[in-house]
A.B. asks: 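First the structure, which I've put down as structure tokens, then a few questions once you've had a look.
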Number of protein chains: 2
Amino acid sequence: MDHETAQHVADVLKAVAHPVRLQIIELLKQGEMCVGDLVERLGVPQAVASQQLGLMKDKQILQCRRDGTKAFYSIKNANVINLLHCVYHHCEREGSKTSETIQKEIDSTKIGD
Amino acid sequence: MDHETAQHVADVLKAVAHPVRLQIIELLKQGEMCVGDLVERLGVPQAVASQQLGLMKDKQILQCRRDGTKAFYSIKNANVINLLHCVYHHCEREGSKTSETIQKEIDSTKIGD
DNA sequence: CTCCAACATTACAATATTTCTATATAACTA
DNA sequence: TAGTTATATAGAAATATTGTAATGTTGGAG
């Protein structure tokens, strides 16, 4: 892997590596949601939510639809859901393990379980 | 997902989200390697390699074995290989896609392919 | 013990990220 | 139009990350 590719992959990971952004993606897995509802669920200041939403929109992770005064965000690149499932698996069992064990886990990975 | 969990997941992602760290993991996928060899392969200053290796060791991603004056690093939690495969898939086809498409991709995800 | 090689650690400047506060915009409603 | 609600943005302050250069540590050779 050359440095340029590595930089790009790192950028993708960084785009998601933030507690509020992760929680936003979790909520949006169930479907689109407006900023106000997200703010209420997350318990963070409105500006913080808006900033993180804008950031993820810029990075093509989310998309935004407007309806009157409300802005509805949803996941644009569903790949990110897959990606997060991999991190969750990683976190759930953070001990050392072999490649064979991992292979079994990959085979049993499902979306929405 | 509560904030504490989100913070932990974010920490794991951040531990990997750096071009040099990604390249180190790529190299160690093939087996353990000493710092000097890694430095040569990566083309970065020795201090940078040592810093990033130490960081990933602290975060339980790598482990270190010493033999005389050399330090051999290897991947401790093989889950991280799985995780990176997911990012690569994400990066390869960064367009928007549906959950069903993703499911097919998950089913076909293999280590070392 | 002295020197050298292989790594690790530290200090510091540069940069990037995050958060906060305040303010701006845009679409309704009366 | 004035007021209100929903969201976005700007700018400053706090914090975190990174790279560089210098120095410290450890183990082996002589």
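Side-chain atoms are counted along with the backbone in the values below, which use heavy atoms only and exclude waters and symmetry mates. Chain identifiers are assigned alphabetically (A, B, ...) following the order of the sequence lines, protein sequences preceding nucleic acid strands; residue numbering begins at 1 within each chain.
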A.B. asks: What is the separation between atom CZ on B:R65 and atom P on C:dC7, rounded to the nearest whole Å?
C.D. replies: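 Between P of C:dC7 and CZ of B:R65: 12 Å.
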A.B. asks: Quick one: do B:V39 and A:M1 end up in the same hydrophobic cluster if we chain Ile, Leu, Val, Met, Phe, Trp and Tyr together by side-chain heavy atoms under 4.5 Å apart?
C.D. replies: yes
A.B. asks: To the closest 0.5 Å, what do you measure between CG (A:L55) and CZ (A:R21)?
C.D. replies: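 Answer rounded to 0.5 Å: 5.0 Å.
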A.B. asks: OP1 or OP2 of D:dT17 less than 4.0 angstrom from a side-chain nitrogen or oxygen of B:K14, does that happen here?
C.D. replies: yes
A.B. asks: Considering only C:dT19, D:dT7, D:dA8, which nucleotide approaches the side chain of A:C64 most closely?
C.D. replies: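 Of the candidates, D:dA8 comes closest.
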A.B. asks: Does a nitrogen or oxygen in the side chain of A:S50 sit under 4.0 Å from OP1 or OP2 of D:dA8?
C.D. replies: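 The answer is yes; a side-chain N or O of A:S50 sits under 4.0 Å from OP1 or OP2.
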A.B. asks: Which angle, rounded to 10°, do you find between the first-five-pair axis and the last-five-pair axis of the helix from C:dC1-D:dG30 to C:dA30-D:dT1?
C.D. replies: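 The value is 10°.
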A.B. asks: Hey, does the side chain of B:R21 come within less than 4.0 Å of D:dT18's phosphate (OP1/OP2), counting only N and O?
C.D. replies: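 Yes, because at least one side-chain N or O of B:R21 sits under 4.0 Å from OP1 or OP2 of D:dT18.
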A.B. asks: Starting at NE2 of B:H3 and ending at P of C:dT18, how long is that distance when rounded to a whole Å?
C.D. replies: 12 Å
A.B. asks: Rounded to the nearest 0.5 Å, what separates atom CZ in B:R65 from atom SG in B:C34?
C.D. replies: 10.0 Å
A.B. asks: To the nearest Å, how far apart are A:F72 CZ and C:dA27 P?
C.D. replies: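 Answer to the nearest Å: 15 Å.
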A.B. asks: With respect to B:L38, which candidate in B:L28, B:V44, B:V20 satisfies the side chain to side chain contact (heavy atoms under 4.5 Å, CB included) definition?
C.D. replies: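 Among B:L28, B:V44, B:V20, the one that satisfies the side chain to side chain contact (heavy atoms under 4.5 Å, CB included) with B:L38 is B:L28.
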A.B. asks: Please report the interatomic distance OH(A:Y88) to OG1(B:T5), rounded to the nearest 0.5 Å.
C.D. replies: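 It comes to 9.5 Å.
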A.B. asks: Are the side chains of A:I75 and A:I61 in contact, using a 4.5 Å heavy-atom criterion?
C.D. replies: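 No, side chains not in contact.
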A.B. asks: Starting from P on C:dA5, measure out to CD on B:Q46 and report it in whole angstrom.
C.D. replies: 14 Å
A.B. asks: Hey, is the side chain of B:R66 poking within less than 4.0 Å of OP1 or OP2 on D:dT25, counting only N and O atoms?
C.D. replies: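 False: B:R66 side-chain N/O out of range (4.0 Å or more) of D:dT25 OP1/OP2.
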A.B. asks: If I take atom CG from residue A:D67 and atom CD from residue A:E32, how far apart are they, to the nearest 0.5 angstrom?
C.D. replies: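 Those atoms lie 9.0 Å apart.
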A.B. asks: In Å and rounded to the nearest 0.5 Å, what is the CD1 to CG distance from A:I25 to A:L62?
C.D. replies: 6.5 Å
A.B. asks: Closest approach of A:A6 and B:L22, non-hydrogen atoms and distance?
C.D. replies: O-CD1, 3.4 Å
A.B. asks: Atom CD of A:E26 and atom CZ of A:R41: how far apart are they, to the nearest 0.5 Å?
C.D. replies: 11.0 Å
A.B. asks: I want to check one thing: is the phosphate of C:dA16, taken as OP1 and OP2, less than 4.0 Å away from some side-chain N or O of B:H18?
C.D. replies: no
A.B. asks: Base, sugar-phosphate alone, or nothing: which one does A:V35 contact when heavy atoms must sit under 4.0 Å apart?
C.D. replies: sugar-phosphate
A.B. asks: From CG of A:L53 over to C1' of C:dT18, roughly how many Å is that when rounded to an integer?
C.D. replies: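 Rounded to the whole Å, the gap is 15 Å.
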A.B. asks: Roughly how many Å is it from CG in A:L38 to P in D:dT7, rounded to a whole number?
C.D. replies: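 Taking CG of A:L38 and P of D:dT7, I get 9 Å after rounding.
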A.B. asks: Students often get this wrong, so: under 4.0 angstrom with heavy atoms, is B:Y73 touching a base, only sugar-phosphate, or nothing?
C.D. replies: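 Result for B:Y73 = sugar-phosphate.
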A.B. asks: Over how many whole Å does the gap from B:D37 atom CG to C:dA6 atom P extend?
C.D. replies: 10 Å
A.B. asks: Would you mind reading off the distance between A:M56 atom CE and D:dA8 atom C1', rounded to a whole angstrom?
C.D. replies: 15 Å
A.B. asks: Could you run down the sub-3.5 Å N/O contacts of the protein with nucleotides 10-15 of chain C?
C.D. replies:
| unit_1 | atom_1 | unit_2 | atom_2 | d |
| --- | --- | --- | --- | --- |
| C:dT10 | O4 | B:Q51 | NE2 | 2.9 |

